[in-house]
Amino acid sequence: MKDSPSPLTNAPRRSAFRRRLLRWYDREKRRLPWRETVDPYAIWLSEIMLQQTTVATVLPRWERFLARWPTVEELAAAPAAEVLHEWSGLGYYARARNLHRAAGIVAREHAGRLPSTVEELRRLPGMGPYTAAAVASIAFGEAVAVLDANVERVLARLVALEEDSRSAGGKRHLREWAAALLDPNRPGDHNQALMELGATLCTPKAPACGRCPAAGDCLGRRSGQPERYPLRPARAPMEQAREVALVLARGGRFLVLRRQDGVSFGGMWELPRVRCTANEEPGKAAHRAARELARLPAAKVTGPLLELRHTVMRTKIHLMLWRAAAGAGAVSLRPPHCEFRWIRPRDWAELPKSSTQARIARYLLREGQKK
DNA sequence: AAGACGTGGAG
DNA sequence: TCTCCAAGTCT
């Protein structure tokens, strides 16, 4: 940082930068509900939900979650499955499990009061460097800088960082800049202002430098191509896959399986489903799903019901839903599944599900009502 | 340290 | 249609 050509190495310039940033924030900030509260629990919840998730998605879910569990103690007392169900569709489901575990710790070991320092917060499950710093600064006024994807982009542009921003060295430099620029008098607002800048003006594409309060200090802007920053390695290419999911029926009900904690979609209930191997026919895969996931080799596959496409992480999935009669035999599970139920479509609505499984559940409910 | 972990909206 | 990616954490 000391060798950097940035004018912000100069202390008076840094303080002018802070002033301009905060003035802009005070004037232009969006009215977001978690900015209207001082409840550390509510702020914490917003930070967890906002991880890799857009404001628009979070808004209604944050309100609903808080209405259901207004305090840490109430959240701690809730069954994990209900918390997970409330999280359905938000993705990154480990967040819900960690949040619930952390609530239990706060309730039991901290008398229901969230710890107020980064150091203590950091020990709670799901509290990484970003979230701990965000909660400590926003809810408790601790003078610590956050470094999220917004701040990373703003700072990388500000100093025209010619280094992979995700590399160890790049991150170290960004952390140093974030700490040096932090306004110790209003750390929470300063952090939010930097993130707000990244979210609204200093956007990944077509940044609005003309309206930016930091434009005068920005080396990225001076370079003429601010959108070149932050430098990042290319992403892995998308993959394609076919999957078969099974409505495996027995006595007017069908089989759903619960996934273990700690695997993808941990804790969620789903139909038996398998990834097709190369050139494997869907009908074959459907029978394999019954055989391998539930140990029901007597299952009789009767036909396709529905096809849909969705994307999970870096895989585009062509999902085919098939119907089968379970036949005789007891269900026996193996990882990643740990529990099963024979249910009707309307019962499945009550269980935590991924977005895709929820689509299937809605389809089955509609089909069931036609008869 | 690199890779896994979801989803939906924007351009 | 398709790529990019959003207030990251964990292993």
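We name chains A, B, ... by the order of the sequence lines, and we start the count at 1 in each one. This one's a predicted model, so the numbers in the text were calculated from it and none came from an experiment.
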Phosphate OP1/OP2 of B:dT7: any A:Ser355 side-chain N/O under 4.0 Å
yes
Classify the ring geometry between A:His190 and A:Phe17 as parallel (under 30°), tilted (30 to 60°) or perpendicular (over 60°).
perpendicular
A:Arg20 and its salt bridge (charged side-chain N to carboxylate O under 4.0 Å, His left out) partner, picked from A:Asp217, A:Asp26, A:Asp183:
A:Asp217
For atom P, what is the distance between C:dA7 and B:dA4, given to the nearest Å?
23 Å
Numerically ordered, the residues 137-156 of chain A set in heavy-atom contact under 4.0 Å with DNA chain B is none
Any side-chain N or O of A:Tyr92 less than 4.0 Å from the OP1 or OP2 oxygen of C:dC10?
no
Between A:Met49 and A:Trp87, is any pair of side-chain heavy atoms under 4.5 Å apart?
yes
Is A:Gly266 touching bases, backbone alone, or none of the nucleic acid, heavy atoms closer than 4.0 Å?
nothing
Can you tell me if the side-chain N/O atoms of A:Lys316 get under 4.0 Å from OP1 or OP2 in C:dT3?
yes
Check the distance between C:dC4's P and A:Met313's CE and give it to me in whole angstrom.
15 Å
Hey, is the side chain of A:Arg235 poking within less than 4.0 Å of OP1 or OP2 on C:dC5, counting only N and O atoms?
yes
Rounded to whole angstroms, how far apart are CG on A:Leu59 and C1' on B:dG8?
14 Å
Measuring only the C1' atom in each nucleotide, how far is C:dT11 from B:dA1? A whole number of Å is fine.
11 Å
Evaluate A:Arg242 against A:Glu280 for salt bridge (Lys or Arg N to Asp or Glu O under 4.0 Å), listing each step before the verdict.
CA-CA 9 Å; A:Arg242 291 176 306 140; A:Glu280 183 179 31; 6.0 Å; no
A:Met127 has an atom CE; how far is it from atom C1' of C:dA7, in whole Å?
13 Å
With a 4.5 Å heavy-atom cut-off, do A:Lys29 and A:Gln192 have their side chains touching?
no
Proximity to DNA chain B (any heavy atom under 4.0 Å), residues of residues 25-58 of chain A only
A:Gln52, A:Thr53
Using the side-chain heavy atoms of A:Thr131, tell me which of these nucleotides is nearest: C:dT3, C:dT9, B:dG6.
C:dT9
Touch check for A:Ala199, heavy atoms < 4.0 angstrom, all strands: base, sugar-phosphate only, or nothing?
sugar-phosphate
Under 3.5 Å, side chain of A:Glu36 to main-chain N/O of A:Arg31, donor-acceptor pair present?
no
